[in-house]
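In what follows, a structure is listed as structure tokens, so that the remarks can point back to it.
One-based numbering along the sequence shown.
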Amino acid sequence: MASSSTLYVDLDGSLIATDLLHESLLSLVRVEPLAFLHLPRWLMQGKAALKRELASRAEIDVTTLPYRPEVLKFVQDARADGRRVVLATASDSGLALKVAEHLDIFDGVLASDGEHNLGGARKLEAMQVDAAGKDFSYLGDRPVDLAVWRGAESAVVVSRSDGLARRAASVTRLDAHIKPAAVSLKRYLYALRVHQWLKNVLVFLPLMPVLHALDWRVVFHAGVAFFAFGLMASSIYVLNDLLDLSSDRRHKRKRFRPFASGEISVPTGLWMCAGLCSASLLLSLLLLPPMFMGVLLIYLVLTTTYSFYLKRRAIVDVFSLAGLYTVRVAAGAAATGLPLSFWILSFSLFIFLSLALAKRYVELSGTPAEVYQMTQDRNYHPVDLPLVLCAGVAAGQMSALVLSLYLNDQQMLARYSNPALLWVLIPVFLFWIMRIWLKAVRGALHDDPVVFAARDWVSRLALVIGAAALWAAG
């Protein structure tokens, strides 16, 4: 490799494991949803103009982008060998210059300028002019880069595809093939948050009063409802992760999520979101009553509104979360045809409000950086911590009170032959909710209490004792 030759480095998909055009679109949807209506007009002005409009509105923190460490090392080694290194990208110059300034490893930047889109043949022309007739190498990652490699002295391919490396080698000398790690099935499942499907056991809650006289059709419909809600919830989780890329990358744990880390691309995520949502609706349409479909659509609307707006409003967000949990209970009733009483709805509202506040309490008790992020993303402030604690504990105690009143309801008591055994539920539930808050105050609670409870052996034991009491009372 000639030490005097310039190395031109592509940005999207090469230097970073994402695409700034996709991220700019997502940022626009999150920050200015109505501005999305201007996309056709901007696109009619040309792709370069579209990128300029998006870049001027996007809130992208270039310091947290998923840079590929192996590519950074290759570039740094090239510069250490005395080579001139230039960032050459079809992304808008406004973003490209910020990246170059942050990394401080480039001698120049070639990028789209609002009038000319620096992609394919245009990028090759710009590099040939910049190199002033001298040899140069190009580092890229896509088949479209073959047009550039044909005019380059050598190629550096950043791709998992051996086929692309062979095609590049057929048009120029191949200096290096950098292969990013493949994405495992486990990471895709993590992106779907399959572990969060534990929340959907709430669809079985309407079955609790009739455990002693269950019908297989009721159990089957509840099981289908569980999977339908799981698919829909995964669709929303993917959408949430795509909209929260910037904030997730500033979080000490969330920055390792598949989308935030760039392991799974934005387009793939959008396809996953659409596919999961469609599968959920189809499953509901084919196997469950129309009423369930209505509840599922309500959940879809509410959770999408939460993702775009409600989660950024303090207090409103926890009531929204409590409502989304309660909708799962209503979905179970709609799927099975079992009655959904006022008592169950009231209990659900209070208990899930308490758990949502516990989630916020944990987040507000984090590191200074995490608390600052809560202020930016959720509009909570450190001084709100005592209020969140008091309101959460009070809501938990209110749910216990509602449960006590429910167990004294004459209509409910008439269903059981030994109703006195039901009072075992009260001390067990009080112990459980107080333990949840004790864990929260001690900083030992997972930031999602529902998932924590599903994995916690004490919580499982409490559930078994409660189910046994219901069975014995029947």
Exercise for the section: Apply side-chain hydrogen bond (donor to acceptor under 3.5 Å, both in side chains) to R52 and S93, showing your working. Expected result: CA-CA 8 Å; R52 175 56 52 91; S93 59; 3.1 Å; yes
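- Residues Y406 and F347 place their aromatic rings such that the two centres sit no closer than 6.0 Å.
- Between Y380 and E363, the closest side-chain pair of non-hydrogen atoms is not below 4.5 Å.
- Interatomic distance, S365 OG to R360 CZ, rounded to the nearest 0.5 Å: 12.5 Å.
- No option in I16, L11, L15 other than I16 meets the side-chain contact (heavy atoms from CB on, under 4.5 Å) test with L65.
- Using a 4.5 Å heavy-atom threshold, the side chains of Y361 and V441 count as touching.
- Taking the six-membered ring where tryptophan is involved, the planes of W197 and F227 are perpendicular, since the angle between them exceeds 60° and thus also 30°.
- The distance from the CG atom of L296 to the CG atom of L281 is 5.5 Å, given to the nearest 0.5 Å.
- Under 3.5 Å, the side chains of S307 and R30 contain no donor-acceptor pair of N or O atoms.
- At least one donor-acceptor pair closer than 3.5 Å links the side chain of K51 to the backbone N or O of A90.
- Other residues, nucleotides and ligands contribute only 12 or fewer heavy atoms inside 6.0 Å of the CZ atom of F319.
- Interatomic distance, CG of L43 versus CD of E53, reported as 12.0 Å (0.5 Å rounding).
- Here Q196 contributes atom CD and Y190 contributes atom OH; the two are 8.5 Å apart, rounded to the nearest 0.5 Å.
- L276 is listed as a side-chain neighbour of L192, based on a closest heavy-atom distance under 4.5 Å.
- Of the residues R250, K98, R249, the one that meets the salt bridge (charged side-chain N to carboxylate O under 4.0 Å, His left out) test with D61 is R250.
- Note: L438 CG to I433 CD1 = 12.0 Å, rounded to the nearest 0.5 Å.
- Between E59 and S246 the shortest heavy-atom distance is O-OG, 4.1 Å.
- Taking the side chain as every heavy atom from C-beta outward, Y188 and M272 approach each other to under 4.5 Å.
- Remark: Y309 engages R313 in a side chain to side chain contact (heavy atoms under 4.5 Å, CB included) (not counting sequence neighbours).
- Using a 4.0 Å cut-off between a side-chain N of Lys or Arg and a carboxylate O of Asp or Glu, R142 and D10 do not qualify as a salt bridge.
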Practice task
Start with the C-alpha distance between K311 and D244, add both sets of side-chain angles, then the distance that settles salt bridge (charged side-chain N to carboxylate O under 4.0 Å, His left out), and finish with yes or no.
Solution key: CA-CA 11 Å; K311 70 179 181 181; D244 290 343; 2.7 Å; yes
Exercise for the section: Apply the test salt bridge (charged side-chain N to carboxylate O under 4.0 Å, His left out) to residues D241 and K254: give CA-CA distance (whole Å), side-chain angles for both, the deciding distance (0.1 Å), then the verdict. Expected result: CA-CA 9 Å; D241 282 356; K254 294 180 181 179; over 6 Å; no
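- Aromatic ring orientation, Y325 versus F352: tilted (interplanar angle from 30° to 60°).
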Handout entry: F452/I436 under side-chain contact (heavy atoms from CB on, under 4.5 Å): CA gap, chis, key distance, verdict
Key = CA-CA 9 Å; F452 170 83; I436 287 289; 3.9 Å; yes
Handout entry: Steps toward side-chain contact (heavy atoms from CB on, under 4.5 Å) verdict (V183, R160)
Key = CA-CA 10 Å; V183 185; R160 302 185 188 108; 3.5 Å; yes
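- Side-chain contact check for R193 versus H195: some heavy-atom pair is nearer than 4.5 Å.
- Between R68 and D141, no side-chain nitrogen of the basic residue sits less than 4.0 Å from a carboxylate oxygen of the acidic one, so the salt-bridge criterion is not met.
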Practice task
In sequence, state the C-alpha distance, the side-chain angles, and the governing distance for D12 and H22, and then conclude on side-chain contact (heavy atoms from CB on, under 4.5 Å).
Solution key: CA-CA 10 Å; D12 300 312; H22 300 151; over 6 Å; no
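- Under the 4.5 Å side-chain criterion, counting only non-hydrogen atoms from C-beta, L243 is not in contact with F259.
- Not one N or O on the side chain of T89 forms a donor-acceptor pair closer than 3.5 Å with the backbone of A111.
- A donor-acceptor contact shorter than 3.5 Å is absent between the side chain of S235 and the backbone of L231.
- S348 has its side chain within reach of L205: a pair of non-hydrogen atoms, C-beta onward, lies under 4.5 Å apart.
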Please output the side-chain donor-acceptor pairs of residues 381-388 that fall under 3.5 Å, not counting sequence neighbours, one pair per line with the distance.
residue	atom	partner	partner atom	Å
D384	OD2	H381	N	2.7

Practice task
Take L300 and M232 through the side-chain contact (heavy atoms from CB on, under 4.5 Å) test and state the conclusion after the steps.
Solution key: CA-CA 8 Å; L300 175 60; M232 184 61 74; 3.7 Å; yes
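- Put simply, the side chain of L245 does not reach to within 4.5 Å of the side chain of I60, judged on heavy atoms.
- Remark: the backbone N or O of Y299 is not paired with any side-chain donor or acceptor of T303 at under 3.5 angstrom.
- Between the side chain of T18 and the backbone N or O of G262, no donor-acceptor pair lies under 3.5 Å.
- Looking only at distances, a side-chain donor or acceptor of S280 sits under 3.5 Å from a matching main-chain atom of A228.
- With rounding to the nearest 0.5 Å, the separation of NE2 in H38 from CD in E32 is 8.5 Å.
- A donor-acceptor pair is defined here as one N or O able to donate and one able to accept, closer than 3.5 Å; such a pair exists between the side chain of D456 and the backbone of S459.
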